[in-house]
Participant: 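Once you've had a glance at the structure underneath, I'll fire off some questions.
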Amino acid sequence: MTEKKKNLDSYIPFQLPSAEKYRIGIVVSEWNDHITDSLLKVAREALLEQGILEENIVVRHVPGSFELPTGAAHLIQQTPLDGVICIGCIIQGETRHFEFIAHATAEGIMQLNLSQKVPVIFSVLTCDTMQQAEDRSGGKMGNKGIEGAISCLKMIALDHTV
Ligand code: DLZ
């Protein structure tokens with residue numbers, strides 16, 4: 001039996017009670033910006049479709065994925081938010097930068113989740129090639145920006161239903 005892959009690209013819209021009152025921060029890496037712009041666009045569209053108000057979406061840019069946790073921490077301190085989505089794209093190169101940046105980014109975001117009251121979502125592509133990133137930001141593998149948005153709303157809903 002083949003196992004069905006599970007992702008949120010084709011999510012079933014769900015009702016987030018009082019979606020219009022939630023404020024979402026999105027921190028976006030400028031590195032590989034043609035990929036991160038595309039993830040941001042679709043994440044924002046998914047939030048709006050789910051009832052989040054345009055004026056309640058706060059977007060901030062940081063230089064690279066390594067700065068995503070710091071950017072998210074600043075945003076949480078600056079403005080009241082119910083959730084944060086970190087968007088980045090890390091591509092394997094000739095050197096070991098990939099593993100250091102990817103590990104630090106994931107670890108930093110996890111630390112925020114454990115230390116802050118709001119969910120902080122890891123919406124970071126970690127790809128071997130640019131083609132893989134393009135496939136996942138509007139290509140044949142869909143657009144993973146949707147997953148970031150829906151994961152954020154699901155974590156907010158979790159907090160508001162228990
Ligand atoms: C330096 C660097 C490299 C080589 N590659 C990437 C990448 O593929 N994706 C990404 O988001 N950022 C990259 N960066 C930048 C680092 O994340 C960071 O911005 C710099 O090291 C400065 O701290």
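As a basis for the values below, the full set of heavy atoms in this structure was taken, side chains included, without hydrogen atoms, waters or symmetry mates. Each ligand, and each atom within it, is numbered from 1 in the order the structure gives.
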Participant: Which ligand 1 atoms are under 4.0 Å away from a heavy-atom of Asn32?
Facilitator: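 It comes down to these atoms of ligand 1: 7 (C), 8 (O), 9 (N).
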Participant: Could you find the nearest protein heavy atom to atom 4 (C) of ligand 1 and give me its residue, atom name and distance?
Facilitator: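 Looking only at protein heavy atoms, the one closest to atom 4 (C) of ligand 1 is His97 CD2, 3.4 Å.
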Participant: Are the side chains of Ile87 and Val27 in touch, meaning some heavy atoms are under 4.5 Å apart?
Facilitator: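 They are not in side-chain contact.
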Participant: Where the closest heavy atom to atom 9 (N) of ligand 1 is concerned, which of Gly64, Ser65, Cys89 has it?
Facilitator: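 It is Cys89 whose heavy atom sits nearest to atom 9 (N) of ligand 1.
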Participant: So does Glu55 pair up with Arg23, basic N to acidic O under 4.0 Å?
Facilitator: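 The answer is no: the pair does not qualify as a salt bridge.
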Participant: Would you mind listing which atoms of ligand 1 come within a distance below 4.0 Å of any non-hydrogen atom of Ser29?
Facilitator: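 It comes down to these atoms of ligand 1: 11 (O).
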Participant: Report whether Phe98 and Leu125 are members of the same hydrophobic cluster (ILVMFWY, side-chain heavy atoms less than 4.5 Å apart, transitive linking).
Facilitator: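 Cluster IDs for Phe98 and Leu125 differ.
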Participant: Look at atom 2 (C) of ligand 1 and find which of Phe98, Trp31, Phe66 reaches it with the closest heavy atom.
Facilitator: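 It is Trp31 that holds the nearest heavy atom.
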Participant: So do the side chains of Ile35 and Met130 get within less than 4.5 Å of each other, counting heavy atoms only?
Facilitator: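 Answer yes - side chains close enough.
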Participant: Under a 4.5 Å cut-off applied to non-hydrogen side-chain atoms, are Val59 and Leu40 in contact?
Facilitator: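 Result yes, sub-4.5 Å side-chain heavy-atom pair found.
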Participant: For atom 22 (C) of ligand 1, what's the nearest protein heavy atom and its distance?
Facilitator: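 Nearest neighbour among protein heavy atoms for atom 22 (C) of ligand 1, to 0.1 Å: Glu67 OE2, 3.2 Å.
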Participant: Got a sec: does the NE2 of His61 have more than 12 other heavy atoms crowding it under 6.0 Å?
Facilitator: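 Atom NE2 in His61 is crowded, with more than 12 foreign heavy atoms closer than 6.0 Å.
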Participant: Of the backbone atoms (N, CA, C, O) and the side-chain heavy atoms from C-beta on, which set of Val62 has a member under 4.0 Å from an atom of ligand 1: side chain, backbone, both, or neither?
Facilitator: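 Answer for Val62: neither.
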Participant: For atom 16 (C) of ligand 1, what is the nearest protein heavy atom, given as residue, atom name and distance?
Facilitator: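 The protein heavy atom lying closest is Ile101 CD1, 3.8 Å.
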Participant: Please state which protein non-hydrogen atom is closest to atom 8 (O) of ligand 1 and give its distance, to 0.1 Å?
Facilitator: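 Minimum-distance protein heavy atom for atom 8 (O) of ligand 1 reads Ile91 N, 3.0 Å.
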Participant: Is Gly88 near ligand 1, meaning one of its heavy atoms is under 4.0 Å from it?
Facilitator: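 No, Gly88 has no heavy atoms under 4.0 Å from ligand 1.
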Participant: Quick check: do Thr105 and Phe122 have side-chain heavy atoms less than 4.5 Å from each other?
Facilitator: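 Result yes, sub-4.5 Å side-chain heavy-atom pair found.
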